[in-house]
Amino acid sequence: MDIEFNDSLSADAPRLVARLVEQGKLPDDLPRASKEGAEASRFTGKAGQVFETFVEQGDKVQRLALVGMGKKKDHAALERAGSSLTAKFLTSGEKALAIDVAASGLDADETAAVLLGVRLRSWRWDEYRTKLKDEQKRSLKTVVVAGAPDGTEAKWDDAAAVAKGVEFTRELVAEPANVIYPQSFVERCQKRFEGTGVEIQVLDEDEMRTLGMGALLGVGQGSRRDSKLLVIKWNGGAASAKPTVFVGKGVTFDTGGISIKPAAGMEDMKWDMGGAGAVAGAMLALASRKAKANVVGVCGLVENMPDGNAQRPGDVVKTMSGQTVEVINTDAEGRLVLGDAMTWAQREFKPETLIDLATLTGAMIVALGHEYAGLFSNDDKLSDKLTKAGTTSGDKVWRMPLGPAYDKLIDSPIADMKNVGGRWAGSITAAQYLQRFVEKGVNWAHLDIAGMAWADKPGATWDKGATGYGVRLLDQFIRDTAEG
Ligand code: BES
Ligand code: MN
Ligand code: ZN
């Protein structure tokens, strides 16, 4: 979406003009027919409501959209307003849309929130849809922001950097697994990060073998695609400041391995790299807005396939930490990947704070559905900060418990641990596994985003499909902590 700024609604402004309306405050300068039309349609200005009308203006007809922004005009409501507006007109045939900010009474901050909703909701991935009918194609390409107060453009530049990150995550997540696999994930990032000032490092299988990452490599050994560890470094903070480290699960496809998944719905497992996707998108957001913080993103990239070389249930693997794992179920692969990636990241960067993101367990969706990601942490302060960043950004998290009684469930008779607990508390036993890879003094949080990376129906600022969950959360967390 091209977003342009104009001092006022000029004579050559687009035909389609939007005005934002506070709940219960229908503008009094509307023509009678429009006012009665809005009332008759039960348009009250609730957040996200859109009412469309046509108004004669001299020798022209204006297509006027009234968009509700609710009573409180909070960020979420303003984003919803921008998002609903876009959803309504994205394929309407209109190429351009003007937002009459002056008539909507928005300040710079509020305008930027509306624009963020507009931009996020306009994202689609039509790369492989060669036979779309005209009326299915996106028409809306330009938004003219008219009469926005001073300072809006700077606010928007900042928000647009975050939008860019969210979009990149969505792209990585939406791409099928024959397109995005470990090597191509790396290449897509190398290309996207050109000129952003980040430093990229890639570890290949030989290097990981030398480092002793037997668990991560075990997951990838049944695949023709080589596993990779991708490291994205952004140094925008003081040279002396320890980096915050994000680690993402990047299983580019999860068949389950020899413990193979049922066929129905297996295609969803192309988005089992949603954690790594969120980490890459967050790094892009931070670099694009030149965040004053040192942050490292580590993506553990593997494909979990069942072939003649695949690991078997019962295999014992040795992790980089030195601990051994009995692989009871090859479908509990995410934790095997993350454990080694976390060990490497902690030894390499000595972070105070380590946050991992993963589409780790189906049990997480059973527990929290698609409203909150599960948060597990060994530190109350970190947990509170993430919860707060979740509320501010809209990427919500809900804290779940950890404890020794759960930890016992993953003890193994033959190795230091097994990679699954029993039937119950599956998300917690997965988190307990990860906690065994947290080194002394490190504040750690694990976000199980299995219910959040993908949506089967449109939501607040996304269409169905890849949501980009996690980017805004991590960006907000860095704003509140390292930059706070
Ligand atoms: N990637 C899956 C978890 C998942 C399931 C994410 C559905 C998104 C939607 C993970 O690797 C997995 O297979 N987990 C197993 C763990 C079990 C074998 C202990 C699961 O959740 O069933
Ligand atoms: Mn699995
Ligand atoms: Zn998985």
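Treat the numbers as computed from the prediction; the structure is a model and nothing was measured. Ligands are counted one by one from 1 in listed order, and the atoms in each one are counted from 1 as well.
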* Should Arg347 and Glu439 be marked as a salt bridge (charged side-chain N to carboxylate O under 4.0 Å, His left out) after you check the CA-CA gap, both sets of side-chain angles, and the distance that decides it? -> CA-CA 9 Å; Arg347 296 194 179 165; Glu439 310 216 322; 3.1 Å; yes
* Show the numbers, then the answer: is there a side-chain contact (heavy atoms from CB on, under 4.5 Å) between Val279 and Val298? => CA-CA 7 Å; Val279 168; Val298 177; over 6 Å; no
* **Name, closest N/O/S atom of Glu333 to the Zn ion (ligand 3)** => OE2
* To do: Taking the Mn ion (ligand 2) as the reference point, name the nearest N/O/S atom of Glu333.
  => OE1
* With distance as the sole test, does Gln476 use its side chain to make a donor-acceptor pair with the main-chain N or O of Arg472 at under 3.5 Å? -> no
* Asked: Between Phe168 and Trp123, does the ring centroid distance fall short of 6.0 Å?
  -> no
* Asked: Going through the distances and angles, do Phe349 and Trp344 end up as a ring-ring contact (aromatic ring centres under 6.0 Å, His included)?
  -> CA-CA 8 Å; Phe349 302 110; Trp344 182 82; 5.6 Å; yes
* Asked: Does the shortest distance from the Mn ion (ligand 2) to an N/O/S atom of Asp254 fall below 2.8 Å?
  -> yes
* Judged by modelled atom types alone, do Ser377 and Ser383 share a side-chain donor-acceptor pair under 3.5 Å? -> no
* Answer yes or no: is there a donor N or O on one side and an acceptor on the other, between the side chain of Gln221 and the main chain of Asn309, under 3.5 Å? => yes
* **Exam field: side chain Asp463 to backbone Pro458, donor-acceptor pair closer than 3.5 Å** => no
* Output the atom name for the N/O/S atom of Asp272 with the smallest distance to the Zn ion (ligand 3). => OD2
* Asked: Angle at the Zn ion (ligand 3) between OD2 of Asp254 and NZ of Lys249, to 10°?
  -> 170°
* Asked: Which protein residues have a heavy atom under 4.0 Å from ligand 1?
  -> Lys249, Asp254, Lys261, Met269, Trp271, Asp272, Asn329, Asp331, Glu333, Arg335, Thr359, Leu360, Thr361, Gly362, Ile365, Val420, Ala450
